[in-house]
Amino acid sequence: MKIDLANLTITKAHKHLVDGDFSATELAEAYLSAIEKKNPELNAFLGVYDDVLEQAKRVENQNVKDKGSLWGIPIALKDNILVKGKEATAASKILKGYHATYDATVTKKLKEAGALLLGRTNLDEFAMGASTENSAFGPTKNPHDTTRVAGGSSGGSTAAVAAGLACAALGSDTAGSIRQPSAFCGTVGLKPTYGSVSRSGLIALGSSLDVIGPITKTVSDAETIFNVIKGKDPMDSTTVDESDYPTTNDKLPTTNYAVGVPRAFLDSTKLDVRVRKNFDESVERLKSLGHIIKDIELPNLRYAVPAYYILLPAEASANLARFDGVKYGHYADGDDLLGDYLRSRGEGFGPEPRRRILIGTYVLSAGYYDAYYGKAQAVRRLIADDFARAFQSVDVIAMPTAAGPAFKIGEKAKDPVQMYLEDIFTVPANHAGLPALTVPSGVVEEAGTDLPVGLQLYAPHMGESRLFSLGKQFLGE
Amino acid sequence: MVYMTDIDIDHLAKLARIDVPKAEYDNLQKDLDNILAFVGEVQSALIADRGPKADVPKNAMREDTDPHESGIFTDALLKEAPKTRGGYVVVKKIL
């Protein structure tokens, strides 16, 4: 049968594979040929693995009694997730040519589930950015309008899924890097609870914020992948058992959720009027599905972005200290060992990592620590307290995913602070470690082109089940 | 209040071990000034002293037991290093 990649979901592909409508090899071939055709324009993939068809043959020959939900499903990985023996660059020149020496835990889990790993997708260098324009290997274009960004930093993953170049993808989310590009490309994106998915084998950015999550066409698909990749892992001591969050591991009714809307925060934010209208319509839709809408206050969210751009550079400057031209990656010959470090890092890091490493070094210096890092940590606790208070009276919180639709390539590239404000609705979840889901909520028209926008739902820690339930209802799954 | 005009790119770049070309100093100075002015907003947040954190610390690290057989990862890891010799990573003399 002809494979309709544009509308293929994990659920549908799984049924076709099990029914024998097409084989894993045929499915893999279809994706490889789509990538060959469309990737030169989109730049969603930085590399396609050379053994995809062998992987397909291998899973076909497996004696899989109970063919799991990801068996034979082609999935793309953001190029900061390690696959043993494969190149992994984090879209940085400093790692060009580096080959991973081990599998990330999520990679291992996908392989064990019989998924096919298609290739590695583009991102902002070291996941620092909101447009993939900071990639050392060129920006990813938005499949809906190739003059626009795909969002970021997981823009390669969202563009690949939206354009039918992968059945699903993994991204990482430190401030919104799964959700904002999902909104821009019209995909579903889940930022799971901090600690619910192992980061072993994820190239670290901000270790107190990073989490890996799925990018898919449907909420059911996101749930399927989340159930495969989650879980405690001895290789990542920040992972937790679901039982560590007993309060939200619940069986709430699928209707009659109390949905909180932070209206005062939305009113104080620079928000595209069409996005606001779309959001208000989405809230009406939730109401018509039987849910109760409540106004909530989250007074400290206004500090979320400034606090993030203190904490993240501080953590990133420490995490990126390992790239020194000695153990792996780019090496440049200097006068002495210090000269080797200076030159290797000077040549290897692009402008944004450089800015963030310098800011991180500054805010952690003696004399500035209390004014910046100390304050930002305190603000982070205020934000977490705001959410804890709100979740006493609501089950879920709704917000737009991004303040506008996908912007033009180059539009915000010159002004780092403008780009940082892209995180305004997404980064609070990372500060507080909460799960958040973005689902496509319609389009806004821009010069004759329909651009997708997203509705974002927040839940308490380990409350992914609520997000899946509400997200499916919203999309009519 | 900390003022933003005291950034010394030269000093920061050395601390951060990044060789920044002099030609980029001006732009970088401007960017960092803007970023620090922006993030300085946190200083206006009302932060009450909540006393010491109430969380009870617990050891989240795995037990340091069952080490892998010595040397089984050496070749794979060294293959990624820019300069090696006889099972070691080579760096320039520091003394």
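Only heavy atoms go into these numbers, but all of them, side chains included; no hydrogens, no water, no symmetry mates. Residue numbering restarts at 1 for every chain, and letters A, B, ... go by the order of the sequence lines.
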Within-4.5 Å side-chain heavy-atom neighbours: Tyr362(A) and Leu32(B):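 With C-beta onward as the side chain, the pair stays apart.
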Minimum side-chain heavy-atom gap Val42(B)-Gln377(A) below 4.5 Å: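 Side chain of Val42(B) against side chain of Gln377(A), heavy atoms only: no contact under 4.5 Å found.
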Surrounding [atom1] of [X] (heavy atoms of other residues, nucleotides or ligands, distance under 6.0 Å), is the total greater than 12?
X         : atom1 : value
Lys83(B)  : NZ    : yes
Lys232(A) : NZ    : yes
Tyr25(B)  : OH    : yes
Glu24(B)  : CD    : yes

Side chain to side chain contact (heavy atoms under 4.5 Å, CB included) between Ile357(A) and Leu12(B), intermediate numbers included: CA-CA 9 Å; Ile357(A) 291 169; Leu12(B) 271 185; over 6 Å; no
Chain A contacts, top residue of Val91(B), Ile35(B), Asn27(B) (heavy-atom pairs, under 4.5 Å):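 Winner by heavy-atom pair count: Ile35(B).
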Largest heavy-atom contact set with chain A, pairs under 4.5 Å, which of Val20(B), Leu28(B), Asp31(B): Asp31(B)
Please find the pair of heavy atoms, one from [X] and one from [Y], that lie closest to each other, and give the distance.
X         : Y         : answer
Pro21(B)  : Arg354(A) : CD-NH1, 3.7 Å
Pro306(A) : Phe38(B)  : CB-O, 3.8 Å
Ala45(B)  : Val379(A) : CB-CG2, 3.7 Å
Gly325(A) : Pro82(B)  : O-CG, 3.2 Å
Arg343(A) : Asp19(B)  : CG-OD2, 4.0 Å

Spatial distance of atom CG (Asp415(A)) from atom NZ (Lys30(B)) [nearest 0.5 Å]: 8.5 Å
Reported CG-to-OH distance for the pair Leu77(B) and Tyr328(A), which is rounded to 0.5 angstrom: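 Here the rounded value is 9.5 Å.
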Glu41(B) side-chain N/O to Tyr303(A) backbone N/O, donor-acceptor pair under 3.5 Å: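 Here the side-chain-to-backbone pair does not exist.
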Whether Lys79(B) side chain and Thr101(A) backbone form a donor-acceptor pair below 3.5 Å: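 Not a single qualifying donor-acceptor pair exists.
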Checking [X] against chain B: side chain, backbone, both or neither under 4.5 Å from a heavy atom?
X         : result
Asp336(A) : backbone
Lys327(A) : backbone
Leu421(A) : side chain
Val326(A) : both
Tyr420(A) : side chain
Asp335(A) : backbone
Leu338(A) : side chain

Chain B contacts, top residue of Gly97(A), Ala321(A), Gly334(A), Pro299(A) (heavy-atom pairs, under 4.5 Å):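 With the most close heavy-atom pairs to chain B, the winner is Gly334(A).
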Top contributor to chain B interface from Tyr308(A), Tyr331(A), Tyr341(A), Tyr309(A) [non-hydrogen pairs under 4.5 Å]: Tyr331(A)
Electrostatic pair Asp324(A):Arg17(B) at N-O distance under 4.0 angstrom: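 No.
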Trace of the side chain to side chain contact (heavy atoms under 4.5 Å, CB included) decision for Phe349(A) with Ile18(B): CA-CA 9 Å; Phe349(A) 288 128; Ile18(B) 297 177; 4.2 Å; yes
Under 4.5 Å from any heavy atom of chain A - which part of Glu63(B):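 Interface part for Glu63(B): neither.
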Ser44(B) versus chain A, the contacting section by heavy-atom distance below 4.5 Å: both
